[in-house]
Asker: 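Handing you this structure, nothing more for now.
The sequence lines fix the lettering, A, B, ..., with proteins before strands; numbering per chain opens at 1.
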Amino acid sequence: MASDKPSLYTAWHSPFGWRAWISLLEKGVEFDYHETDPYEKSPEWFKISPRGLAPCIRHKGKSVYESTICMEYIDEAWPCTPRLLPEDPYDRAYVRMWTDHVNKKIIPHIFGMIVHQTATEQEKSKQDALDGIAAYLEAMRDGGPYFLGQNFSMADIALGTFGSIFFCMEHYRGFKVPNEAKFVKFHDWIQTIVARKSWQTVLPPREQVLEDWRPYAEGVAQTELAKAAKQGKTP
Amino acid sequence: MSDSKPKFYTSWFCPFAQRVWIALLEKGIDFEYIEVDPYKKTPEWLSVSPRGLVPVLVHQGKSVYESGICIEYIDEEWPENPILPKAPYQRAYERIWADHIAKKIVPPFYAMLLKKETELQENAKKEMLEQLLVLTKAMDPTGPYFAGSQVGLVDIMLAPFAIRFFILKHYRGFQVPSGDESPFSRFNKWYIAIKERDSTGKTSASDEEYIGIYKRYTDDTGQSLVATAIRQGTALP
């Protein structure tokens with residue numbers, strides 16, 4: 001009989017994976033964690049995740065993949081608090097639009113600044129990332145500390161997973177979100193986010209994160225992620 | 001209440017906007033149609049559409065953009081004649097295949113038109129057929145629509161591109177194989193059903209108008225963000 005207890009297939013180092021992992025933790029759902037290397041393209045893996053993507057959730061004999069789709073699925077399959085999307089249709093659209101913004105206008109540049117090997121390209125990625133972050137901060141509602149104001153949501157998870165490892169981008173590329181003017185909100189926001197129990201559970205030690213990103217920073221990573229990132233796409 | 005009637009900002013030729021137009025018609029929603037030229041990035045337009053793109057839905061003074069997000073908004077704000085199913089897994093399944101369309105079908109559509117080198121055009125054709133086949137295999141076996149007897153999100157996301165395939169044939173000789181024995185026979189059954197729907201007919205321009213408007217892609221004068229992204233090999237906006 002297909003199990004009601006979900007399984008999460010993910011890689012320890014993946015901020016995309018943390019989105020699904022954090023969502024399950026926030027909901028207090030019991031799940032089985034399966035450490036996965038999505039680059040190991042075995043037939044067994046494609047049976048679990050048809051496009052070979054991680055994170056992937058197996059639940060009741062079905063597979064859900066794509067980190068953003070996983071977050072919505074988790075919110076709908078376990079509609080307990082915290083709700084990852086609010087009730088009101090416009091507010092739901094707002095969370096989706098700004099999650100889409102994170103995915104299209106921030107994350108590709110975070111990867112870009114690491115995988116590009118020339119200073120010019122790196123500087124452009126850094127500026128593009130800051131522009132994307134500035135827009136997200138401007139869209140943040142008043143009242144704080146979360147994106148929607150008082151309520152935590154998928155929009156916090158979307159950026160907060162990558163935001164929690166910005167020290168890595170600083171280490172390799174000198175990337176910093178300024179602590180002034182339009183960026184001031186970022187620092188209070190990320191501190192609140194990272195202090196959540198779910199973030200503390202998933203975040204690996206600093207040294208491991210830095211080591212994990214080293215091949216990308218040094219231009220020797222051959223993964224699909226590296227190739228896609230060089231083109232400004234993320235899979 | 002006048003501000004409860006949504007304003008739909010669109011351009012007649014845009015397949016992304018056509019998705020939202022189809023959704024509005026399928027739901028029977030009363031809306032105001034506003035034609036815009038998205039290439040004229042005026043301050044007024046950017047205040048309605050921060051990214052300067054169509055489609056945008058403005059309802060009760062607030063803007064919703066991105067075609068998939070507009071459709072989900074429409075579905076949630078006006079719950080009659082649902083576009084997405086109720087069960088969480090079925091909803092995720094629709095979203096997964098809508099994402100497949102965005103990432104694997106839309107890019108080769110544009111690449112086929114925009115790339116100048118024949119080899120790259122041929123690669124795009126190959127890619128398009130491969131990814132269409134993957135999508136076809138995910139369809140409900142009976143159909144005729146993607147998920148079964150009711151039109152849903154995936155149908156609406158794919159329809160505008162499918163009805164433009166004749167443009168790919170006209171400029172690039174691209175064709176989805178036909179015939180009952182073809183692995184695409186299920187796709188072709190889907191296509192016939194979707195083409196027959198009122199919402200498809202009412203939101204489509206004439207063949208001549210489409211052939212004309214897409215010429216600028218093929219002679220490399222296209223200035224859209226989509227055209228630029230394809231030329232640069234970066235992600236679509």
Asker: Heavy-atom count around Glu121(A) CD within 6.0 Å, excluding the residue itself: above 12?
Answerer: yes
Asker: Would you say Arg91(B) and Glu72(A) make side-chain contact, with heavy atoms under 4.5 Å?
Answerer: no
Asker: Output the residues of residues 62-90 of chain B for which the shortest heavy-atom distance to chain A is under 4.5 Å, in residue-number order; output 'none' if no such residue exists.
Answerer: Lys62(B), Ser63(B), Val64(B), Tyr65(B), Glu66(B), Ile69(B), Glu72(B), Tyr73(B), Glu76(B), Glu77(B), Pro88(B), Tyr89(B)
Asker: Measuring from atom OH of Tyr90(A) to atom NE2 of His59(B), what distance do you get when rounded to the nearest 0.5 angstrom?
Answerer: 12.0 Å
Asker: Are more than 12 heavy atoms, taken from residues, nucleotides or ligands other than Lys62(A), located less than 6.0 Å from that residue's NZ atom?
Answerer: no
Asker: Could you tell me which portion of Arg92(A) (side chain, backbone, both or neither) has an atom closer than 4.5 angstrom to a non-hydrogen atom of chain B?
Answerer: side chain
Asker: Does anything in residues 123-143 of chain A form a ring pair (Phe, Tyr, Trp, His ring centres under 6.0 Å)? List the pairs, not counting sequence neighbours.
Answerer: Tyr136(A)-Phe147(A), Tyr136(A)-Trp189(A)
Asker: Step through the shown structure and confirm whether more than 12 heavy atoms of other residues, nucleotides or ligands are within 6.0 Å of NZ on Lys189(B).
Answerer: yes
Asker: Is Lys116(B) atom NZ crowded by more than 12 heavy atoms from other residues, nucleotides or ligands, each under 6.0 Å away?
Answerer: no
Asker: Can you find a pair of side-chain heavy atoms, one from Met97(A) and one from Arg51(B), that are under 4.5 Å apart?
Answerer: no
Asker: Does some side-chain heavy atom of Glu66(A) sit less than 4.5 Å from a side-chain heavy atom of Arg95(B)?
Answerer: no
Asker: Counting neighbours of NZ on Lys41(B) that are heavy atoms of other residues, nucleotides or ligands and sit closer than 6.0 Å, is the number greater than 12?
Answerer: yes
Asker: Could you tell me whether Lys124(A) atom NZ has more than 12 heavy atoms of other residues or ligands within 6.0 Å of it?
Answerer: no
Asker: Contact part of Tyr94(A) toward chain B, heavy-atom cut-off under 4.5 Å: side chain, backbone, both or neither?
Answerer: neither
Asker: Does atom NZ of Lys126(B) have more than 12 heavy-atom neighbours from other groups under 6.0 Å away?
Answerer: no
Asker: Non-hydrogen atoms of chain B under 4.5 Å away: do they reach the side chain of Thr68(A), the backbone, both or neither?
Answerer: neither
